[in-house]
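As the structure lists them, so they are numbered: ligands from 1, and atoms in each ligand from 1. We number each residue from 1, following the sequence as shown.
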Amino acid sequence: MASGGISLYNVQIKRLAGHDDVQLPQKMSAWASGYDLYAAVQEPVTLQPGERALIPTGFSLAMPPELEAQIRPRSGLALKHGITALNSPGTIDADYRGEVKVLLINHGTEPFTIERNERIAQMVFQIVPQVELLHVEQLSDTERGAGGFGHTGTK
Ligand SMILES: O=c1ccn([C@H]2C[C@H](O)[C@@H](COP(=O)(O)OP(=O)(O)OP(=O)(O)O)O2)c(=O)[nH]1
Ligand SMILES: [Mg+2]
């Protein structure tokens, strides 16, 4: 199998009080991009079509400043039930120490109930390049210039 140079980042995870029974994020296959996230709802939450809710996960993180975590939908829930993350991809900042939460919305046509310990989304860690914004009066020229929003085709 191909394998490149591997960088390993340490990310601390803290289980929050009252959630000993809730699974911590888990990769469901060896090379999965995402860690599946489990709902830490006290009671089942039913989302009616068009309804949204902020779903707790029962954990907090501390990661190095060069990382972020993205909260992404699970495609199976989206395909079968129209359940997705409204703000996808959700951004977990490296300096955020609060509970990771998932903003789910029901885009389907049927009510959908989220049970405790149900897998609701996935979390992907990403490297965030450190950037310094330089304020200038003139930007460099390019062939594209200001063309965008489909200017290269008819559709
Ligand atoms: O799906 C999400 C998105 C955000 N957050 C938490 C972690 C993140 O670091 C913080 C702020 O998120 P964001 O910057 O997207 O929200 P904002 O509306 O800009 O809030 P703030 O003013 O607190 O930055 O909220 C979550 O737990 N889940
Ligand atoms: Mg913000």
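- Using a 4.0 Å cut-off to heavy atoms of Glu99, the atoms of ligand 1 that qualify are 27 (O).
- More than 12 heavy atoms of other residues, nucleotides or ligands shown are found within 6.0 angstrom of CG on Asp21.
- Distance remark: protein heavy atom not present below 4.0 angstrom from atom 20 (O) of ligand 1.
- The environment of Lys14 atom NZ is sparse: at most 12 non-hydrogen atoms of other residues, nucleotides or ligands sit within 6.0 angstrom.
- Checked against ring pair (Phe, Tyr, Trp, His ring centres under 6.0 Å), Phe112 has the following partners two or more places apart in sequence or in another chain: His81.
- Here the protein heavy atom with the shortest distance to atom 25 (O) of ligand 1 is Tyr96 CE1, 4.1 Å.
- Atom 28 (N) of ligand 1 is flagged as protein-proximal [any protein heavy atom, distance under 4.0 Å].
- Remark: Arg15 engages no residue in a salt bridge (Lys or Arg N to Asp or Glu O under 4.0 Å) (not counting sequence neighbours).
- Of the listed residues (Asp93, Asn87, Thr91, Leu61), the one carrying the non-hydrogen atom nearest atom 1 (O) of ligand 1 is Asn87.
- Side chains of Val100 and Phe59 form a contact here, defined as non-hydrogen atoms less than 4.5 Å apart.
- The protein reaches atom 9 (O) of ligand 1 closely, with a heavy atom under 4.0 angstrom from it.
- Taking all heavy atoms of Ile92, Asp95, Val100 into account, the minimum distance to atom 26 (C) of ligand 1 is reached by Ile92.
- Counting atoms of ligand 1 from 1 in the listed order, those under 4.0 Å from a heavy atom of Gly90 are 1 (O).
- The hydrophobic clustering, which links ILVMFWY residues whose side-chain heavy atoms are closer than 4.5 Å, places Tyr38 and Ile13 apart.
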